[in-house]
Amino acid sequence: MIIFKKASDLSKYLENQIKNEKKVGFVPTMGALHQGHISLILQSSKENDLTVCSIFINPTQFNDKDDFNKYPVTIEDDIHLLELNGCSILFLPDETEIYPPNFIKKNYELGYLEYCLEGIYRPGHYQGVCMVVDSLLSIIQCHNLYLGQKDYQQCKVIGKLIEICKINTRLHITPTVREPNGLAMSSRNRRLSNAEKEHAGLIFSTMLTIKNQLKEGDLSLIQSNASNTLSNEGFMIDYIEITDLNLNQVKSWDGKISLIVLVAVVTNHVRLIDNMIIC
Ligand code: AMP
């Protein structure tokens with residue numbers, strides 16, 4: 001694996017590779033890698049000649065300083081894991097490579113996607129996400145971009161970014177990788193004890209219950225039952241919402257359209273998000 005720290009070196013290298021007809025896949029991350037990230041690397045390696053992974057903890061997407069300061073950093077382990085799993089290139093920039101002094105801050109017109117669900121609890125978050133992904137995609141001219149369904153709203157936002165900025169890349173969304181008890185793997189899980197991780201499996205089983213109880217008509221009872229289950233078990237709930245696949249809230253289901261349930265809860269000061277397509 002080649003490690004690049006300078007954006008200009010990486011761009012030049014990739015330009016040459018692309019001239020030689022190499023297909024490039026890209027997996028952006030914030031590090032503290034786990035099998036969820038690795039599933040994206042493996043998918044990209046299958047479908048491309050070169051896979052680039054970036055590790056950059058992007059300050060502009062954190063609305064909570066404490067969350068930023070506590071974000072886990074495990075670079076040595078990350079490098080080892082990427083090498084073991086056949087990643088070709090690691091981009092490990094510092095902040096000035098992503099946001100150089102001449103960086104022009106844009107405002108991305110994301111509409112509703114920016115203000116619903118996560119947008120309510122993390123104001124400015126998706127502008128920060130777009131800023132970093134826009135910058136990364138201008139450095140890494142990839143044919144294919146790989147994101148995890150775990151961050152469903154982020155996938156929709158980046159889909160919109162690609163559309164509004166006319167970025168020439170194809171977005172692939174891959175399934176969420178889970179612990180044996182159903183807990184979605186996440187870098188933030190490192191801040192939970194084993195007992196807390198075990199307990200957090202309830203997020204998955206609650207979404208599964210919603211899926212199993214789903215029937216045409218009013219959805220408010222299933223939703224409030226799920227909410228009660230989690231709050232009775234000590235989770236602080238930011239939201240449990242059932243929407244269509246474009247994140248428009250669905251209160252009454254016609255039995256036809258596809259639905260997704262999205263959850264954000266806090267347990268022991270750690271905020272966890274998850275989702276499940278339920279039909
Ligand atoms: P992060 O490092 O948390 O910014 O995540 C980097 C990428 O990995 C994003 O596209 C995430 O959606 C994806 N990802 C994170 N956790 C998982 C998971 N458990 N399964 C699949 N993809 C994931």
Side-chain angles (χ1 to χ4, degrees), residues 25-47 51-64 67-68 70-75 77-79 81-82 85 87 90-93 98 113 117-118 122 125-137 140 142 144-162 167 169-192 197 200-201 203-204 207 247 260 262-265 270-277:
F26 174 40
V27 179
T29 82
M30 297 204 296
L33 301 182
H34 49 68
Q35 288 306 315
H37 298 114
I38 295 305
S39 71
L40 300 176
I41 299 287
L42 294 176
Q43 185 73 25
S44 170
S45 303
K46 233 192 276 169
E47 296 172 358
T51 289
V52 183
C53 174
S54 65
I55 296 181
F56 177 65
I57 305 177
N58 173 37
T60 66
Q61 74 184 67
F62 283 82
N63 51 314
D64 175 353
D67 189 27
F68 177 66
K70 285 188 181 151
Y71 203 84
V73 178
T74 60
I75 288 295
D77 290 351
D78 292 352
I79 291 174
L81 204 55
L82 289 172
N85 286 284
C87 181
L90 170 60
F91 183 39
L92 205 53
I98 300 296
L113 281 179
L117 300 161
E118 285 300 283
R122 305 188 69 186
H125 171 63
Y126 287 121
Q127 286 296 324
V129 168
C130 285
M131 226 187 274
V132 72
V133 174
D134 197 6
S135 172
L136 285 166
L137 289 177
I140 300 159
C142 58
N144 295 300
L145 172 68
Y146 295 85
L147 302 176
Q149 190 199 311
K150 155 84 167 51
D151 298 281
Y152 186 81
Q153 192 173 357
Q154 175 168 276
C155 293
K156 301 303 279 185
V157 162
I158 294 177
K160 180 95 183 172
L161 168 78
I162 289 171
I167 299 171
T169 191
R170 196 166 149 224
L171 176 57
H172 303 257
I173 299 172
T174 69
T176 303
V177 178
R178 300 178 178 281
E179 301 287 355
N181 71 346
L183 174 64
M185 290 191 183
S186 163
S187 305
R188 287 186 176 86
N189 293 355
R190 290 171 192 256
R191 291 169 49 200
L192 298 175
K197 276 189 237 171
I203 299 167
F204 178 73
M207 292 192 300
L247 298 177
I260 181 168
L262 303 109
V263 178
V265 296
V270 181
R271 190 165 182 280
L272 301 172
I273 62 169
D274 202 349
N275 65 77
M276 184 187 284
I277 293 175

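Whatever order the structure lists them in is the order used to number ligands and atoms, beginning at 1.
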> How about Leu137 and Leu145: do any of their side-chain heavy atoms sit closer than 4.5 Å?
Replying inline: yes

> Can you tell me the protein heavy atom closest to atom 1 (P) of ligand 1 and the distance?
Replying inline: His37 NE2, 3.6 Å

>> Can you report which non-hydrogen protein atom sits closest to atom 20 (N) of ligand 1, along with the distance?
In response: Val177 N, 2.9 Å

> Could Arg188 and Asp67 be called an ion pair, given the rule that one side-chain N must be under 4.0 Å from one carboxylate O?
Replying inline: yes

> What part of Pro28, side chain, backbone, both or neither, has a heavy atom within less than 4.0 angstrom of ligand 1?
Replying inline: backbone

> Is the Tyr71-Phe62 ring centre distance short of 6.0 angstrom?
Replying inline: yes

> Side chain or backbone of Ala32 under 4.0 Å from ligand 1, or both, or neither, by non-hydrogen atoms?
Replying inline: neither

>> Can a donor-acceptor pair be found, under 3.5 Å and without considering hydrogens, that links the side chain of Asn85 to the backbone of Ile38?
In response: no

>> Using a 4.0 Å cut-off to any heavy atom of Leu147, which atoms of ligand 1 qualify?
In response: 10 (O)

> Counting both backbone and side chain atoms, is some N or O of Asp151 under 3.5 Å from an N or O of ligand 1?
Replying inline: yes

>> Gly148 versus ligand 1: do any nitrogen or oxygen atoms come within less than 3.5 Å of each other?
In response: yes

> Of the backbone atoms (N, CA, C, O) and the side-chain heavy atoms from C-beta on, which set of Met30 has a member under 4.0 Å from an atom of ligand 1: side chain, backbone, both, or neither?
Replying inline: both

> Is any side-chain heavy atom of Phe68 less than 4.5 Å from a side-chain heavy atom of Gln61?
Replying inline: no

> Non-hydrogen atoms of Pro175 versus ligand 1: any pair closer than 4.0 Å?
Replying inline: yes

> Which part of Lys150 is near ligand 1, with near meaning a heavy atom under 4.0 Å away: side chain, backbone, both or neither?
Replying inline: side chain

> Short list, please: which atoms of ligand 1 are under 4.0 Å from a heavy atom of Thr176?
Replying inline: 19 (N), 20 (N), 21 (C)

> Between CD1 of Ile173 and CD1 of Ile158, what distance do you get to the nearest 0.5 Å?
Replying inline: 9.5 Å

> What protein heavy atom is closest to atom 3 (O) of ligand 1, reported as residue, atom name and distance in Å?
Replying inline: Tyr71 OH, 3.8 Å

> Short list, please: which atoms of ligand 1 are under 4.0 Å from a heavy atom of Met185?
Replying inline: 16 (N), 17 (C), 18 (C), 19 (N)

>> How long is the straight-line distance from CG of Leu117 back to CD of Gln153, given to the nearest 0.5 Å?
In response: 5.0 Å

> Can Asp274 and Arg178 be said to form a salt bridge (charged side-chain N to carboxylate O under 4.0 Å, His left out), step by step?
Replying inline: CA-CA 10 Å; Asp274 202 349; Arg178 300 178 178 281; 2.8 Å; yes

>> If we set the cut-off at 4.0 Å for heavy atoms, which region of Gln35 has an atom near ligand 1: side chain, backbone, both, or neither?
In response: neither

> Do ligand 1 and Gln149 have nitrogen or oxygen atoms that lie under 3.5 Å from each other?
Replying inline: no

> To the nearest 0.5 Å, what is the distance between CD1 (Ile140) and CZ (Phe26)?
Replying inline: 3.5 Å

> Under the salt bridge (charged side-chain N to carboxylate O under 4.0 Å, His left out) criterion, do Lys156 and Glu118 qualify, and how do the steps go?
Replying inline: CA-CA 12 Å; Lys156 301 303 279 185; Glu118 285 300 283; over 6 Å; no

> Given that the side chain starts at C-beta and the backbone is N, CA, C, O, which of these parts of Leu40 lies under 4.0 Å from ligand 1, counting heavy atoms, or is it both or neither?
Replying inline: side chain

